[in-house]
Participant: 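Before we start, here is the structure in question, set down as C-alpha cells.
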2 protein chains.
Amino acid sequence: MTTTVLLVDDHPVVRSGLRAVLDTDTVHVLGEAATGEEAITLAAHLHPDVVLCDLRLGAGIDGIQTTAALRALIPAPAVLILTTFDRDAEILGAIEAGAAGYLLKDVAPEVIIEGIHRAAKGDMFLAPDLASRVLQGMRNPLPRLTDRELEVLRLMSTGAANRDIARTLFVTEATVKSHIAHIFTKLDVDSRSRAIHLAQETGLI
Amino acid sequence: MTTTVLLVDDHPVVRSGLRAVLDTDTVHVLGEAATGEEAITLAAHLHPDVVLCDLRLGAGIDGIQTTAALRALIPAPAVLILTTFDRDAEILGAIEAGAAGYLLKDVAPEVIIEGIHRAAKGDMFLAPDLASRVLQGMRNPLPRLTDRELEVLRLMSTGAANRDIARTLFVTEATVKSHIAHIFTKLDVDSRSRAIHLAQETGLI
DNA sequence: GTCGGCATCATCCAAAAGGTTGAGATTCAG
DNA sequence: CTGAATCTCAACCTTTTGGATGATGCCGAC
C-alpha cells in the first residue's frame with residue numbers, strides 16, 4: 001500500500017532530492033511546498049498521509065508552527081520533521097506540537113522511507129541517535145523561562161549590556177538584573193556568557 | 001558543450017537532489033562524494049571540470065580544506081561552494097582557498113547551473129546577494145587575531161571566565177586579560193558577550 | 001643587531017555584572 | 001477572594017570585567 005507525502009522545504013534542491021529518493025512504489029509524493037503557509041494550504045487540499053517538513057523554513061512561520069497548524073487539520077496528516085539540526089529544545093518543541101517523528105537529514109534514504117511508513121501507521125519515529133537524547137531531555141527538562149526572561153536572554157546573546165536591554169525593553173536596569181538573576185538560577189549558571197552558551201547549545205534561543 | 005561535475009555533500013538527499021536538478025544536456029554529473037577525502041580521490045581520477053562542494057562535510061576535513069586540496073590537483077577543477085550558510089569569514093576563506101564561487105543552497109536550480117558553467121569558464125561566480133557583502137568584507141576586513149587570541153576567544157564563547165581560561169591555557173589571569181583586551185580592541189567591542197556575538201556572526205569561530 | 005609582533009605578567013582603578021533581600025502591582029487559576 | 005506567578009523596582013554588597021600602562025623574553029624579518 002502506498003503512502004502519500006507532501007514535502008516541505010525551502011530549498012528547491014532538497015525538495016528535488018527528496019522527490020527523487022522517495023517516489024517509489026511504496027511512497028507517492030503528492031506535492032511540494034517551500035513555506036509553512038503553502039504547506040498548510042496544500043495539505044488541506046491534497047490530504048497527504050504524511051507531511052515531511054523541514055524545521056527551518058526561511059521566511060514565514062517555522063516548522064513547529066507549521067506542524068501545529070497541520071495537526072489541526074481534519075483529517076490531520078502525520079508530520080515527520082526532517083532537518084539538519086539536532087537541538088534539544090527544537091526536538092521537544094516539535095513533538096509537543098504533534099510531530100510523529102524527527103529525522104536528521106544525513107540519514108540514508110531508506111531510513112526516511114521507513115520513517116514515513118511508520119508515521120503513516122501512527123507510530124512515533126525518532127532517529128536512533130536522537131532517541132536517547134530526547135529521553136534524557138525529558139528527564140532533565142530545561143527549566144521553563146518566562147517570555148520576558150527569554151526576551152532578555154535573547155538580547156543578552158546579541159551582546160547587549162544590561163543598560164542596552166533596559167533601554168530596549170523600556171524598563172530599569174534593576175529589572176533587567178532581576179530577570180537575569182532568575183535566568184541564571186534557572187539555568188544554573190553564574191555568568192552571562194555561560195547562560196548564552198547553554199541557551200545556544202540547547203536551542204533555547 | 002557539456003560541463004562535467006563532481007558533487008560533494010554529506011547528505012545523500014542533497015546529492016540526489018543536485019543530481020536530479022543538474023544532470024541535463026549541458027551538465028554531466030560524473031560522481032558523488034560524501035566527504036572531502038573522498039572528493040579529492042575521486043576528482044584525481046575523474047577530472048571533473050567543476051567540483052560542487054558543501055562547506056560543512058560532517059566528519060573529516062571541511063569544505064575549505066577540500067577546496068585547497070582540489071585546487072592543488074593537476075589539472076585543477078574549478079571549485080564551486082554550495083552551502084546553507086552565509087558567514088563572512090567562511091566565504092572569504094573559501095575564496096582564499098581558490099574557490100571560483102559561492103552559492104547559497106536556497107537558490108533556484110538554474111542559478112546553480114549558470115554558476116557551474118561560469119566556473120568552468122574560469123569566471124568567478126557569487127550569489128548576487130553575497131557579492132556586495134563580500135566586497136564589503138574586503139573593504140572592512142576583520143582584524144587578524146593571533147592563534148592565541150582565537151583560542152581565548154573560543155574559550156570565552158563557551159562561557160569560560162577569565163580564571164577558567166587561565167587554568168585551561170596554563171597562564172595567569174593577567175595574561176588572559178591582556179589577550180582579551182587585544183581581542184576587544186581588534187574587534188572594536190567592549191564586552192565579552194559582544195565579542196562572542198560578533199565572532200559567531202562573522203564566522204570567526 | 002635592531003625592530004616589531006607576540007605572549008607573558010603586574011598593578012591600579014573604574015565600571016559592569018552578579019547575589020541577596022524585600023516589596024508593590026498585575027494577572028490568572030482554583 | 002486567595003494564592004501563585006510574573007514583572008517591576010530598589011538598596012547593598014562582592015566579584016568579575018575591562019582600561020591603562022608598563023615590563024620582560026622570544027622570535028623572525030630586514
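Quick note on labels: first sequence line is chain A, next is B, and so on, each numbered from 1.
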Participant: Measure from the side chain of B:Ala174, starting at C-beta and using heavy atoms only, and say which of D:dT8, C:dA10, C:dA17 lies closest.
Facilitator: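 The nucleotide sitting nearest to the side chain is C:dA10.
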Participant: Measure from CD1 on B:Ile183 to C1' on C:dG5 and round the result to the nearest Å.
Facilitator: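 Computing the B:Ile183:CD1 to C:dG5:C1' distance gives 16 Å.
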Participant: Nearest heavy atom decides the nucleotide; on that basis, is B:His179 or A:Ser178 closer to the 5' end of DNA chain C?
Facilitator: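 Final value for this comparison: B:His179.
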Participant: Specify the separation, in whole Å, of atom CG of B:Leu169 and atom C1' of C:dC9.
Facilitator: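 Between C1' of C:dC9 and CG of B:Leu169: 14 Å.
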Participant: I need the NE2-C1' distance between A:His182 and C:dG22, as an integer number of Å.
Facilitator: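 Value for this atom pair: 12 Å.
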Participant: For the side chain of A:Arg192 and the backbone of A:Ala160, is there at least one donor-acceptor N/O pair under 3.5 Å apart?
Facilitator: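 A pair under 3.5 Å: yes.
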Participant: Report the C-alpha separation of B:Asp54 and B:Lys105 in whole Å, then their side-chain angles, then the decisive distance to 0.1 Å, and conclude whether the salt bridge (charged side-chain N to carboxylate O under 4.0 Å, His left out) test is met.
Facilitator: CA-CA 9 Å; B:Asp54 193 5; B:Lys105 269 190 190 159; 3.4 Å; yes
Participant: Can you figure out which of C:dC6, C:dG18, D:dC9 approaches the side chain of A:Thr172 most closely?
Facilitator: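 Nearest nucleotide to the side chain: D:dC9.
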Participant: Can you figure out which of C:dG18, D:dG19, D:dA10 approaches the side chain of B:Asp190 most closely?
Facilitator: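 Of all the options, the side chain of B:Asp190 is nearest to D:dG19.
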Participant: Quick check for you: among C:dA7, D:dC12, D:dT16, whose closest atom lies nearest to any side-chain atom of B:Arg163?
Facilitator: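 It is D:dT16.
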Participant: OP1 or OP2 of D:dC7 sitting under 4.0 Å from any side-chain N/O of A:Thr175?
Facilitator: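 False: A:Thr175 side-chain N/O out of range (4.0 Å or more) of D:dC7 OP1/OP2.
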Participant: Taking atom types as modelled, is there a side-chain donor on A:Thr175 or A:Ser178 under 3.5 Å from an acceptor on the other?
Facilitator: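 The criterion, which ignores hydrogens and geometry beyond distance, is not satisfied for A:Ser178 and A:Thr175.
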Participant: Atom CD of B:Glu173 and atom P of D:dT17: how far apart are they, to the nearest Å?
Facilitator: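 The distance from CD of B:Glu173 to P of D:dT17 comes to 7 Å, rounded to the nearest Å.
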Participant: Tell me the interatomic distance from A:Ile165, atom CD1, to D:dC7, atom C1', rounded to whole angstroms.
Facilitator: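 That distance rounds to 15 Å.
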Participant: What's the closest nucleotide to the side chain of A:Ala161 if the choices are D:dG18, C:dA17, C:dG18?
Facilitator: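 Nearest to the side chain of A:Ala161 among the choices is C:dA17.
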Participant: Is there a side-chain contact between B:Arg192 and the phosphate of D:dT16, meaning an N or O under 4.0 Å from OP1 or OP2?
Facilitator: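 For D:dT16, OP1/OP2 do not have a side-chain N/O of B:Arg192 under 4.0 Å.
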Participant: So, applying side chain to side chain donor-acceptor pair (under 3.5 Å) with A:Glu149, which one of A:Arg154, A:Lys186, A:Arg144 is it?
Facilitator: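 Output: one option passes, namely A:Lys186.
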Participant: Please report, rounded to the nearest Å, how far the C1' atom of C:dA7 is from the CG atom of B:Leu150.
Facilitator: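 Taking CG of B:Leu150 and C1' of C:dA7, I get 15 Å after rounding.
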Participant: A:Thr146 has a side chain; which of C:dC12, D:dC7, C:dA7 sits nearest to it?
Facilitator: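 Selected nucleotide (nearest to the side chain): D:dC7.
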Participant: When A:Leu6 is tested against each of A:Leu52, A:Asp49, A:Val51 for side chain to side chain contact (heavy atoms under 4.5 Å, CB included), which residue passes?
Facilitator: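 In the set A:Leu52, A:Asp49, A:Val51, the residue that makes a side chain to side chain contact (heavy atoms under 4.5 Å, CB included) with A:Leu6 is A:Val51.
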Participant: Can you find a side chain N or O atom of B:Asn162 that sits less than 4.0 Å from OP1 or OP2 on D:dT16?
Facilitator: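 Result: no.
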Participant: D:dT16, C:dA16, D:dG18: which one has an atom nearest the side-chain heavy atoms of B:Phe184?
Facilitator: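 Nearest listed nucleotide: D:dG18.
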Participant: Could you tell me whether a side-chain N or O of A:Asp123 sits under 3.5 Å from a main-chain N or O of A:Phe125, the two making a donor and an acceptor?
Facilitator: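 Checking the backbone N and O of A:Phe125 against the side chain of A:Asp123, no donor-acceptor pair under 3.5 Å is found.
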Participant: Specify the separation, in whole Å, of atom CD1 of A:Ile180 and atom C1' of C:dT20.
Facilitator: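 Nearest whole value for this atom pair: 16 Å.
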Participant: Starting at the 5' end of DNA chain D, which residue's closest nucleotide do you reach first, B:Ala181 or A:Val171?
Facilitator: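 That would be A:Val171.
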Participant: Taking atom P of D:dG18 as reference, at what distance in whole Å does atom CZ of B:Arg194 sit?
Facilitator: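 Computing the B:Arg194:CZ to D:dG18:P distance gives 12 Å.
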Participant: With a cut-off of less than 4.0 Å, is there a side-chain N or O of A:Arg148 near OP1 or OP2 of D:dA5?
Facilitator: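 Looking at the OP1 and OP2 atoms of D:dA5, neither is under 4.0 Å from any side-chain N or O of A:Arg148.
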